[in-house]
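Taking it in order: structure first as structure tokens, then the write-up.
Keep in mind the model is a prediction, meaning the values are calculated, not measured. Proteins get letters first, then strands, A, B, ... in listed order; numbering begins at 1 in each.
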Amino acid sequence: MSNSDKQYDAIVVGSGISGGWAAKELCEKGLRVLLLERGRDIQHGLDYLGEHAPPWKVPFANKADRKPYKDDYPVQSKCYAFDAATKDFFNKDSEAPYQQDPEKPYEWIRANGVGGRSLIWGRQTYRWSEFDFKANSQDGHGCEWPIGYDDIKDWYSYVERFVGISGAKEGLTELPDSEFLPPMGMYAIEKTIKGRLKKHMPEVTMTMGRTAILSENHNGRAACHYCGPCPRGCSTGSYFSSQSSTLPAARATGNLTLRPYSVVEKLEYDARENRVSAVHVIDAESRERLSFSADLVFLCASTLASTQILLNSKSEQFPSGLANSSGTLGHYLMDHFKMQHMAVFADNIDHYYKGFRPTGSYIPRFKNLPGKEKTNYLRGFGVQADPVRPDWRFHFNQKGFGKSLKDKLRKPAPFWIWVLGAFGECLPDYNNKVSLDENNLDAFGIPQIKVSMSFGDNEHKMAEDIIRSGEKIFKAAGAVYIETTDKVSVPGSAIHEMGTARMGKDPKTSVLNKWNQSHDVPNLFVTDGACMTSSSCVNPSLTYMALTARACDYAVKQWRQGHI
Amino acid sequence: MDRRHFLQVATLLGGAFATRALADLSGPAVSDSEALQPLATGPSIGELPANLFQIQERTDLAAMVEAVIPRTDTPGAVDAGVPNFVEHMVQHWLSDAERALFLKGFRALQVASREKHSREFSQLTMDQQLDFLEALEDEASGSPWYDFANVQRQYVEGAPFICQLKELTIFGFYSSEVGATQVLRHDPMPMQFDGEFVLNEDDSTWSMIRLM
């Protein structure tokens with residue numbers, strides 16, 4: 001075993017959204033940082049192999065290559081962003097399997113390369129509100145958050161100014177405004193719908209999607225060129241990714257060492273010093289075992305992977321996993337549940353669009369809030385809405401041949417479809433959990449994770465209301481045909497998995513304190529989705545960024561004062 | 001190119017390419033043995049390898065796809081390289097069962113043409129060709145392939161030959177460079193979003209769609 005002792009002040013595990021931020025912040029504060037990434041290197045621009053490929057260059061005209069997808073990507077290929085031009089950013093399920101409870105399917109969408117899921121994320125960017133941070137203590141589900149909105153709001157501003165978020169101010173307490181770049185424009189049909197909702201359903205707000213995509217040049221990155229398929233990568237850096245944003249900033253300090261192909265097996269615990277003394281790594285290419293040490297260790301490997309590392313880091317003092325004196329590690333796994341409804345609109349058919357707007361619009365939560373409708377369930381849901389003008393891909397299967405078929409297929413359908421994607425908050429539940437399966441090892445000899453999660457009564461009651469609310473919104477908006485569904489997404493597939501190493505005030509019931517620091521082991525921090533105590537109903541990535549920057553600030557101050 | 005020169009080029013390319021090139025020299029890559037190159041610099045879908053059919057079959061297939069999407073005042077399926085695309089898809093994309101179904105239907109149509117008109121399908125008049133195709137579509141009309149919003153990702157296994165032929169022809173044509181740029185409107189770098197953009201009665205769709 002080779003040992004590269006004390007070359008680094010901090011080790012960050014994972015180079016996705018959270019890990020990129022941790023690397024940037026720690027490097028900029030003068031620490032020498034080793035950033036470990038289990039996947040291959042993916043260089044900004046150079047390795048975006050699908051970017052700007054015209055339709056005639058995408059294999060099989062981008063029809064799903066079913067056999068290899070089923071063999072190698074049975075889970076990943078279900079992701080909306082997965083196709084022939086993006087698949088190389090995804091993890092091969094065949095090479096990195098995990099176990100599911102046979103009665104409770106769970107879809108773990110994973111990236112496997114530098115940048116992690118920041119290359120393929122949905123880029124929707126929303127602040128949590130004071131109601132979100134208070135939800136657990138008010139209704140008694142999960143443990144109380146150790147922080148409130150006031151503790152994080154300045155950190156939201158801090159990260160937003162760097163990221164660049166386009167959106168519109170609305171002045172809502174339940175969806176606080178970010179530091180915005182100008183919002184992207186609306187389609188004519190959206191303006192029509194918005195006007196009707198204002199009149200017929202004044203309790204809802206319809207605002208432009210808040211997205212980490214630049215509507216104007218920002219911090220040396222170019223404004224969006226509206227080419228369309230973001231998850232193929234963006235060499236102009238117009239959307240936030242580790243590659244476009246945090247890694248260049250970290251690299252510019254001269255303090256960053258990025259090591260791809262570095263699978264973290266476990267953390268070594270030194271009981272005498274009560275600290276993580278080493279990070280054990282397996283080189284994915286050479287299978288060499290390596291060990292790295294630093295004063296600070298940040299786990300940012302993604303919700304399930306960070307917890308997997310902790311569970312696999314057993315010692316005499318922590319027989320059920322490092323930093324698990326509370327026994328809650330692995331528990332309280334959450335994901336938003338998603339439902340999708342669609343309706344047909346016959347308005348504005350003489351309007352089309354130019355440019356491929358990379359976001360939809362948003363209807364913030366409008367139930368179970370002060371002054372709003374109370375329901376028979378707890379918490380609420382938000383709705384991402386998007387108009388689609390169907391083209392030949394939607395109606396290629398019509399009857400006919402020859403000139404008239406050719407002519408019909410080349411023109412847009414004579415209607416708009418407006419799609420509502422509702423995301424519901426999921427209550428924290430002890431029984432939704434991840435554990436290690438010692439009988440099933442991965443290619444590196446590391447126990448695979450086993451996920452067991454299902455949505456509960458509250459989610460199902462909310463789902464019923466989402467159907468009713470969808471119909472109501474569609475009617476108020478003037479739809480001519482409505483199709484709702486009672487289909488609730490499979491856990492994991494909203495790709496908002498959170499929890500399993502939650503923050504809390506009490507070391508007996510939580511893993512992390514209010515600074516994302518382990519209650520048990522002071523030089524250990526977890527700042528990705530694993531830290532979340534509840535799930536809100538809004539997309540979580542912005543909150544991981546803010547918590548990460550905040551935790552880095554605290555950790556470095558403590559470290560400089562000799563407390564860590 | 002000698003090994004030394006090759007290594008220099010690989011290093012200049014940098015990053016993953018260099019890593020991969022070097023790995024290739026030292027044996028197969030651990031994690032990904034596929035040759036990775038940008039799609040935009042790769043072959044077009046109309047130029048992909050296919051060697052499933054003999055000359056007469058190719059001639060008849062060309063006639064069939066042209067009957068689905070003919071040349072009018074704009075180019076048609078043959079102009080766009082669709083025959084080769086369909087052959088490639090049948091050979092490499094369809095499952096064994098689907099391919100058998102396609103070939104059975106295709107050959108039955110060839111035979112029917114000879115039996116009824118004593119001529120190859122490609123030698124029939126456009127009306128005679130359409131009579132055959134429309135009859136096949138009538139027979140197939142109960143297939144779920146015709147369901148509303150049967151979208152791209154859900155290929156209907158067991159779809160009759162005529163549906164397979166139409167689907168592959170249409171995808172090949174409207175995705176081709178000719179179809180995308182001369183029949184649809186191709187605007188790969190719009191630089192702006194305008195949600196009020198006017199649609200005139202005769203306007204085509206854009207060639208691209210968003211992928212959220």
Side-chain angles (χ1 to χ4, degrees), chain A residues 40-43 46-47 49-50 52-58 60-61 63-67 80-81 83 85 88 95 122 184-188 190 225-231 284-285 350-358 386 391-394 396-397 399 401-403 405-406 409-412, chain B residues 14-17 19 30-32 36-40 42 44-46 67-70 72 89 93 95 130 133-134 137 145-146 149-153 155 167 170-172 174-177 180 183-184 187-199 203-205 207-212:
Chain A
R40 68 190 171 104
D41 194 12
I42 297 176
Q43 298 223 2
L46 186 63
D47 290 333
L49 301 176
H52 297 152
W56 56 90
K57 296 282 190 170
V58 183
F60 302 134
K63 293 177 81 66
D65 194 6
R66 296 162 296 166
K67 177 97 176 37
Y80 67 92
D83 74 2
D88 295 319
E95 291 175 2
M184 292 180 178
M186 282 194 172
Y187 292 82
E190 287 176 306
H225 49 269
Y226 299 93
C227 76
C230 296
E285 288 191 300
D350 55 347
H351 282 86
Y352 201 37
Y353 60 91
K354 182 176 169 57
F356 304 97
R357 193 185 69 190
D386 206 24
D391 68 2
W392 61 271
R393 294 170 183 85
F394 186 87
F396 67 87
N397 59 332
K399 295 215 163 99
F401 297 92
K403 183 176 188 308
L405 176 68
K406 183 183 175 187
L409 290 175
R410 80 174 168 85
K411 291 181 181 176
Chain B
F17 289 99
T19 310
V30 173
S31 50
D32 201 345
L36 296 181
Q37 74 163 349
L39 294 180
S44 293
I45 56 173
V68 178
I69 306 285
T72 53
M89 293 295 277
W93 187 78
S95 70
L130 284 175
L133 297 179
E134 281 163 3
E137 183 148 270
W145 187 83
Y146 291 98
N150 155 28
V151 289
Q152 182 182 2
R153 284 190 174 205
Y155 185 80
E167 179 165 349
I170 290 165
F171 272 81
Y174 290 100
S175 304
S176 71
E177 182 164 10
V183 179
L184 306 182
D187 186 11
M189 209 53 70
M191 301 307 290
Q192 58 160 320
F193 173 74
D194 177 3
E196 304 273 356
F197 196 67
V198 169
L199 184 71
D203 286 344
S204 298
T205 66
S207 62
M208 312 268 290
I209 48 169
R210 285 177 295 163
L211 176 61
M212 297 295 289

Considering only heavy atoms and a distance below 4.5 Å, find which of His52(A), Glu190(A), Lys399(A) pairs most often with chain B. Lys399(A)
My understanding is that only residues two or more places apart in sequence, or in another chain, count here; which of them pass salt bridge (Lys or Arg N to Asp or Glu O under 4.0 Å) with Lys403(A)? none
If you measure from [atom1] on [X] to [atom2] on [Y], what distance do you get to the nearest 0.5 Å?
{"X": "Glu177(B)", "Y": "Lys57(A)", "atom1": "CD", "atom2": "NZ", "result": "7.5 Å"}
{"X": "Phe60(A)", "Y": "Ile45(B)", "atom1": "CZ", "atom2": "CD1", "result": "11.0 Å"}
{"X": "Met89(B)", "Y": "Lys63(A)", "atom1": "CE", "atom2": "NZ", "result": "6.0 Å"}

Check [X] against [Y] and note the closest heavy-atom contact, atom names and distance.
{"X": "Ala53(A)", "Y": "Leu39(B)", "value": "CB-CB, 3.7 Å"}
{"X": "Tyr174(B)", "Y": "Leu409(A)", "value": "OH-CB, 3.4 Å"}
{"X": "Glu137(B)", "Y": "Phe401(A)", "value": "OE2-CE1, 3.7 Å"}
{"X": "Asp65(A)", "Y": "Trp93(B)", "value": "CA-NE1, 3.9 Å"}

With Met208(B), the side chain to side chain contact (heavy atoms under 4.5 Å, CB included) member among Cys227(A), Pro55(A), Pro54(A): Pro55(A)
Under 3.5 Å, which donor-acceptor pairs do the side chains of residues 187-197 of chain B form with other protein atoms, sequence neighbours left out?
{"residue": "Asp187(B)", "atom": "OD2", "partner": "Lys354(A)", "partner atom": "NZ", "Å": "2.7"}
{"residue": "Asp194(B)", "atom": "OD1", "partner": "Glu196(B)", "partner atom": "N", "Å": "2.9"}
{"residue": "Asp194(B)", "atom": "OD1", "partner": "Phe197(B)", "partner atom": "N", "Å": "3.4"}
{"residue": "Glu196(B)", "atom": "OE2", "partner": "Lys191(A)", "partner atom": "NZ", "Å": "2.8"}

Taking every heavy-atom pair that is under 4.5 Å apart, which of Asp203(B), Leu184(B), Val68(B) has the most such pairs with chain A? Val68(B)
What part of Met184(A) lies closer than 4.5 angstrom to a heavy atom of chain B: side chain, backbone, both or neither? neither
Has the side chain of [X] got a donor or acceptor atom that lies under 3.5 Å from a matching backbone atom of [Y]?
{"X": "Arg210(B)", "Y": "Pro358(A)", "value": "no"}
{"X": "Lys67(A)", "Y": "Ser95(B)", "value": "no"}
{"X": "Trp392(A)", "Y": "Ser207(B)", "value": "no"}

